[in-house]
S.K.: 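Got a structure here, written out as structure tokens. Questions coming.
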Amino acid sequence: MEAYMLDQPSPSLEDAKLRRPMVIEIIEKKFECFRKEMSLNIYGTVLLGTTASCSGILANFIFRHCFKVKHDTLKTYTSLTTLPFLSTIVAYKLLLTDALYSDNISKENCVLRSSLIGIVCGVLYPSALAFLKNGRLAVKYNTVPLPPKGRVLLHWFLLCQTEVKAMMIPLISQTVFGIFNGLEHYAVFERTLEKTMHEE
């Protein structure tokens, strides 16, 4: 009897052997589904970063024209194309994507964060960066009259106030696109969550 019992495989081992391929298949399906959903998130984030780069190019063009700067063209355009793009990608990943998949933030919060990232990283940051970079070049090469001491920022703002109004275009577009991207990102998250819960 003991020999017979030893020869027979235990039911738990048989169940485990049968369940193992099923578990692997479910994990593979979930991973494939998650990969497809995340690719949509990546495309939206990259597109938001690309629009931030375009905003940086526009800001650099405006301030170079205002300050009559003709030096270091490649250097300023390179930095104002890459830095807004990278800052948007990093900020979106840390403040929205990671927060969404860990803390389960609300839809309104997701949209708000997305639009703020679009405004700050896509308009305010490139504008400030272009202002500072080209202002330094203007002082270095004396392309515009030097302002009185203590009134540098005010002098430069007055010098550029007409042309800076053109930055309203990227401001509106980044806000609208940030809201749209936040809604889409949250919809992708909800679809992924529903599929995971349904399969479980």
Side-chain angles (χ1 to χ4, degrees), residues 30-31 33-67 74-136 153 156-157 160-161 163-197:
K30 283 185 179 180
F31 181 75
C33 174
F34 185 71
R35 189 181 64 80
K36 286 179 181 177
E37 299 292 354
M38 282 302 292
S39 66
L40 292 174
N41 297 344
I42 290 167
Y43 294 147
T45 309
V46 167
L47 195 55
L48 192 66
T50 304
T51 55
S53 292
C54 294
S55 178
I57 292 168
L58 178 63
N60 193 46
F61 176 78
I62 288 169
F63 286 111
R64 284 182 73 83
H65 175 71
C66 291
F67 295 136
L74 183 62
K75 187 177 178 181
T76 56
Y77 273 108
T78 302
S79 61
L80 278 152
T81 303
T82 54
L83 291 176
F85 178 83
L86 293 174
S87 64
T88 302
I89 298 294
V90 172
Y92 207 89
K93 173 78 168 59
L94 294 175
L95 299 176
L96 200 142
T97 305
D98 290 349
L100 189 62
Y101 282 91
S102 60
D103 298 332
N104 194 14
I105 59 176
S106 65
K107 186 176 183 178
E108 293 78 14
N109 202 348
C110 182
V111 172
L112 180 64
R113 288 188 186 197
S114 181
S115 58
L116 284 176
I117 290 167
I119 292 167
V120 173
C121 297
V123 181
L124 299 180
Y125 173 62
S127 298
L129 191 64
F131 182 82
L132 291 173
K133 279 185 174 291
N134 291 296
R136 285 176 185 172
L153 292 177
W156 283 351
F157 275 126
C160 306
Q161 63 179 347
E163 288 84 353
V164 167
K165 291 176 182 177
M167 290 304 293
M168 288 299 293
I169 298 167
L171 179 65
I172 294 166
S173 63
Q174 284 292 96
T175 305
V176 171
F177 189 73
I179 291 168
F180 175 76
N181 203 36
L183 289 169
E184 187 63 27
H185 203 120
Y186 193 82
V188 168
F189 168 73
E190 279 192 328
R191 286 199 300 269
T192 307
L193 193 64
E194 282 177 11
K195 285 178 184 177
T196 306
M197 294 295 289

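Computed from a prediction, not measured in an experiment: that's the story for all the values here. Worth knowing before you read on, the calculation uses all heavy atoms, side chains too, and leaves out hydrogens, waters and symmetry mates.
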S.K.: What is the distance from atom CG of L47 to atom OG1 of T88, rounded to the nearest 0.5 Å?
M.R.: 11.5 Å
S.K.: What's the separation between atom CG in L112 and atom CD1 in I117, rounded to the nearest 0.5 Å?
M.R.: 9.5 Å
S.K.: Quick check: does any side chain N or O of S173 sit under 3.5 Å from a backbone N or O of P170, one acting as donor and the other as acceptor?
M.R.: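 Checked: pair present.
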S.K.: Which pair of non-hydrogen atoms, one from T76 and one from N60, has the smallest distance, and what is that distance?
M.R.: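 Distance-wise, the nearest heavy atoms are OG1-ND2, 3.3 Å.
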S.K.: Please find the pair of heavy atoms, one from P126 and one from L80, that lie closest to each other, and give the distance.
M.R.: O-CD2, 3.4 Å
S.K.: Enter the distance from L58:CG to E163:CD here, rounded to the nearest 0.5 Å.
M.R.: 11.5 Å
S.K.: Which atom names give the shortest non-hydrogen contact between C121 and P84, and what distance separates them?
M.R.: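 That closest heavy-atom pairing would be O-CB, 3.9 Å.
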S.K.: Can you label the angle between the Y92 ring and the H185 ring as parallel, tilted or perpendicular, going by 30° and 60°?
M.R.: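 Taking H185 first and then Y92, their aromatic rings sit tilted (interplane angle of 30° to 60°).
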S.K.: Students often mix this up, so state it plainly: with edges at 30° and 60°, are the rings of F177 and F180 parallel, tilted or perpendicular?
M.R.: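 Tilted: the ring planes of F177 and F180 meet at 30° to 60°.
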S.K.: Please round to the nearest 0.5 Å and tell me the distance separating atom CG of N109 and atom CG of L100.
M.R.: 9.5 Å
S.K.: Please work out which of the three classes, parallel, tilted or perpendicular, describes the rings of Y186 and F189, given edges at 30° and 60°.
M.R.: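 Because their plane-to-plane angle lies in the 30° to 60° range, the rings of F189 and Y186 count as tilted.
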S.K.: Hey, does the side chain of S114 reach the backbone of I179 with a donor-acceptor pair shorter than 3.5 angstrom?
M.R.: no
S.K.: Do the non-hydrogen side-chain atoms of K93 and V90 ever get within less than 4.5 Å of each other?
M.R.: no
S.K.: Taking the side chain from N134 and the backbone from A130, do they hold a donor-acceptor pair closer than 3.5 Å?
M.R.: yes
S.K.: How many angstroms lie between atom OG of S127 and atom CG of L132, to the nearest 0.5 angstrom?
M.R.: 11.0 Å
S.K.: Donor-acceptor check, side chain of R113 to backbone of L95, threshold 3.5 angstrom: yes or no?
M.R.: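 Yes; judged by distance alone, with no hydrogens or angles, the pair exists.
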S.K.: Would you name the heavy atoms of F131 and F67 that are closest together and state the gap between them?
M.R.: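 So the two residues come closest at O-CE1, 3.8 Å.
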S.K.: K75: which residues meet the salt bridge (Lys or Arg N to Asp or Glu O under 4.0 Å) condition with it, sequence neighbours left out?
M.R.: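 Counting only residues at least two positions away or on another chain, K75 forms no salt bridge (Lys or Arg N to Asp or Glu O under 4.0 Å).
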S.K.: Roughly how far, to the nearest 0.5 Å, is the CD1 atom of I57 from the OG1 atom of T81?
M.R.: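 If we round to the nearest 0.5 Å, T81:OG1 and I57:CD1 are 4.0 Å apart.
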S.K.: Cut-off 3.5 Å, side chains only: do T51 and Q174 have a donor facing an acceptor?
M.R.: yes
S.K.: Please find the pair of heavy atoms, one from V111 and one from G182, that lie closest to each other, and give the distance.
M.R.: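 Reported closest heavy-atom pair: CG2-C, 4.1 Å.
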S.K.: Any side-chain heavy-atom pair from S53 and T82 closer than 4.5 angstrom?
M.R.: no
S.K.: For L171, does its backbone N or O pair with a side-chain atom of T175 as donor and acceptor, under 3.5 Å?
M.R.: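 Confirmed, T175 side chain pairs with L171 backbone.
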